[in-house]
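What follows is a set of notes on a single structure, which appears directly below.
Just so it is clear, the values below take in all heavy atoms, side chains as well, and ignore hydrogens, waters and symmetry mates. Since the model is a prediction, treat every value here as computed from it, not as a measurement.
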Amino acid sequence: MPRRGVDWLTCISRQAVDGFVPAVDVRERALAAARKGLALVDSSPDAHHTMASVLYYIEWNWREADVESLREVQLSPNYSEAHHFRCYV
């Protein structure tokens, strides 16, 4: 999958995570987009970051968010945003 495809899926999820739209309105769509991103490119740290964000901020599933953010760090250990997010989970 091209990089911009993952970015598009990330954008859908970020609308709710960043509060541009009420989470209740896009909850299912954001979760589906994050799952699709992982299904298409499981080796992408961005896809794991998106899933971790959706799980943490929308689903309040901190245990699974921790698992996804840890995977993101494993895939890209020099990505500072991954370590920043790990501080929250």
Side-chain angles (χ1 to χ4, degrees):
M1 172 177 208
R3 165 68 197 192
R4 89 178 155 206
V6 173
D7 290 340
W8 181 82
L9 294 169
T10 300
C11 180
I12 291 171
S13 300
R14 295 299 303 184
Q15 290 175 7
V17 170
D18 290 342
F20 292 115
V21 294
V24 70
D25 292 347
V26 294
R27 180 181 167 272
E28 292 300 321
R29 192 171 145 201
L31 193 55
R35 284 184 180 141
K36 185 173 185 177
L38 283 176
L40 293 172
V41 190
D42 186 56
S43 61
S44 166
D46 292 326
H48 287 278
H49 182 77
T50 298
M51 179 57 88
S53 296
V54 169
L55 290 169
Y56 184 82
Y57 292 110
I58 298 174
E59 294 293 310
W60 293 7
N61 185 341
W62 298 288
R63 184 173 293 135
E64 290 299 318
D66 182 47
V67 170
E68 290 297 333
S69 66
L70 181 59
R71 180 70 178 133
E72 175 189 11
V73 169
Q74 291 169 343
L75 289 170
S76 185
N78 295 326
Y79 183 42
S80 62
E81 181 61 28
H83 292 281
H84 178 240
F85 186 78
R86 295 254 336 129
C87 294
Y88 293 101
V89 295

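Note that CH2 of W60 and CG of L55 are 14.0 Å apart. Values are rounded to the nearest 0.5 Å. Note that the CD1 atom of I58 and the CD atom of E28 stand 10.0 Å from one another [nearest 0.5 Å]. Within the model, atoms CE of M51 and CD of E64 stand 9.0 Å from one another, a figure rounded to the nearest 0.5 Å. Taken to the nearest 0.5 Å, the CZ atom of F85 stands 11.0 Å off from the OH atom of Y79.
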key: Pair H84-E81, side-chain contact (heavy atoms from CB on, under 4.5 Å): steps then yes or no   = CA-CA 5 Å; H84 178 240; E81 181 61 28; 3.6 Å; yes
request  = Under the side-chain contact (heavy atoms from CB on, under 4.5 Å) rule, what do E68 and L38 come out as? Steps first, then yes or no, please.
outcome  = CA-CA 10 Å; E68 290 297 333; L38 283 176; 3.8 Å; yes
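Proximity of a side-chain donor or acceptor of S69 to a complementary backbone N or O of D66 within less than 3.5 Å is detected.
Closest approach of V41 and A47 over heavy atoms only: O-CB, 3.8 Å. Between L75 and D42 the shortest heavy-atom distance is CD1-O, 3.9 Å. Taking both residues in full, the closest heavy atoms of H83 and P77 are given as NE2-O, 2.8 Å, listed atom of the first, atom of the second, then distance.
Side-chain atoms of H48 and V73, non-hydrogen and from C-beta on, never get closer than 4.5 Å to each other.
The hydrophobic clustering, which links ILVMFWY residues whose side-chain heavy atoms are closer than 4.5 Å, places W62 and Y57 together.
Salt-bridge formation is not detected for the pair E72/R86: no Lys NZ or Arg NE/NH1/NH2 atom is positioned less than 4.0 Å from an Asp or Glu carboxylate oxygen.
Ring planes of Y88 and Y56: tilted class, angle from 30 to 60°.
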